[in-house]
Protein chains: 2
Amino acid sequence: MGRWEPDSKGRLQAAALELFVEHGYEQTTVADIAARSGVTERTFFRYFADKREVLFEGTAVLQATVVEHIASAAMDLTALEIVGEAMAATGEIIGQRREYSQLRQTAIAANASLQERELLKLAALAAAAAHALRDRGVGEPTASLAAEAGVAVFKIGFERWIADEPTGSGEPVDIPSSLGDSIRSALLTLRSIAAA
Amino acid sequence: MGRWEPDSKGRLQAAALELFVEHGYEQTTVADIAARSGVTERTFFRYFADKREVLFEGTAVLQATVVEHIASAAMDLTALEIVGEAMAATGEIIGQRREYSQLRQTAIAANASLQERELLKLAALAAAAAHALRDRGVGEPTASLAAEAGVAVFKIGFERWIADEPTGSGEPVDIPSSLGDSIRSALLTLRSIAAA
DNA sequence: TCATCCATGTCAGAAGATGACATCACGCTA
DNA sequence: TAGCGTGATGTCATCTTCTGACATGGATGA
């Protein structure tokens, strides 16, 4: 057995989410998170640049997935179709962990500074998507606008998917639509709005 | 003469922008800003909830203007047309202070935590726009999507307007397009993207 | 003239964040 | 198997942001 318990980072992430949901983000100190994880405060800040970042580990993977989908999309699609489908396809992956997504989103929704961080990550996602489009030869401002629209569609699709089926007791009456489908539906709505 | 120099708040805002541009946001402490303004640190935090907020006083007015435009728009327009024109009209106002806008944007572009705050303000703007649309009878998700699209168009239009004419010396060769027109142009591009 | 108001100052302290240095199990190599 | 380097973690000190409690003293109006 090692000198310390393994996976400090994972324990910190789990403890943070629990505490944020239980007591709220501001009421939870980094010392609390560290204590529950059996490490010191200093160790927390070695793994995460700041207190918020502990909830945003996954966004790098998400962004990479979106970029890959854009890079490998069929050539006969429009910029918006490419980004929209990349978002939807990525949504299929995230959508597999509905419960976790919901807990995390609850914590974020309850605190403005977590929302700020989330918005920054989404802005980075939009920038990366725009870059990936440009690499395919899409010009500006088309690339940036399509990327922003894609992120908007992701946001709305995600919101509605989370709100869809409350975590309450009782049997699910309907199978909730997948996150990917929710995003695709938002894309269709956006296109009809713009077409009118 | 009063006991103190008048307009502490204004002095703090001016000093903060100067110092952020001169030395950067992180290198500037609240104590620095307060000292240059001839007040104490504590006074800074009486006027501004946190260090970032000193750059975001104007966004409340901006939001109110957008909401008014949406509320008073003609009845025969689509949701996207309404939001787009509200953004463009508001842009005409902001566009009057190009130099200030540029300095402020320079400071924000150089620091992630200022970008976070800006994104939060834009998200609030989107939420307010969506609310104003709903008050006109626009349903969901149309209202939210049109609002997000409107903010995207504002962002891109603003970016391109700022980048348009560098602040260099020499005579301006072309009259730079107005911010409002830049936003209208972004809206047209978005619609053509979505239509394809 | 006096009361009271209010912008600002003073002081103390919690929490977030960071640099410098210490510790010590583990595994490699001689 | 003795010794050595490595890397994850601990310890300590310090700075900055932000907040609460209370003090001060010109301005204002009864």
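Each chain gets a letter, A, B and so on, in the order the sequences are listed, and its residues count up from 1.
- Taking atom CZ of B:Arg3 as the reference point, atom C1' of C:dC6 lies 10 Å away to the nearest angstrom.
- Classification of B:Arg134 and B:Glu140 as a salt-bridged pair holds, one side-chain N sitting under 4.0 Å from a carboxylate O.
- Salt-bridge formation is not detected for the pair A:Glu116/B:Lys121: no Lys NZ or Arg NE/NH1/NH2 atom is positioned less than 4.0 Å from an Asp or Glu carboxylate oxygen.
- Rounded to an integer number of Å, the gap from CZ of A:Arg117 to P of C:dG16 is 14 Å.
- Put simply, B:Thr43 has a side-chain N or O that comes within less than 4.0 Å of OP1 or OP2 on C:dG9.
- With hydrogens and angles ignored, the 3.5 Å screen pairs no side-chain donor or acceptor of A:Glu118 with any backbone N or O of A:Ile108.
- Within a heavy-atom distance below 4.0 Å of DNA chain C, the residues of residues 45-53 of chain B found are B:Arg46, B:Tyr47.
- The stretch residues 11-42 of chain B touches DNA chain D through B:Thr28, B:Thr29, B:Val30, B:Glu41, B:Arg42, each having a heavy atom within less than 4.0 Å of the strand.
- Cation-pi check for B:Lys9 over B:Phe44 is not met; the charged atom does not lie both under 6.0 angstrom from the ring centroid and within 45 degrees of its normal.
- The pair A:Lys51-A:Glu41 fails the salt-bridge criterion, with no side-chain N (NZ, NE, NH1 or NH2) lying under 4.0 Å from an Asp/Glu carboxylate O.
- Proximity of B:Ser8 to the phosphate of C:dA7: no side-chain N or O atom is located under 4.0 Å from OP1 or OP2.
- With a 6.0 Å cutoff to the six-membered ring centre and a 45° limit on the axis angle, A:Arg42 does not count as a cation-pi contact of A:Phe45.
- The side-chain tip of A:Arg104 does not point at the ring of A:Phe20 from less than 6.0 angstrom away and within 45° of straight on.
- Put simply, the side chain of A:Leu187 does not reach to within 4.5 Å of the side chain of A:Glu81, judged on heavy atoms.
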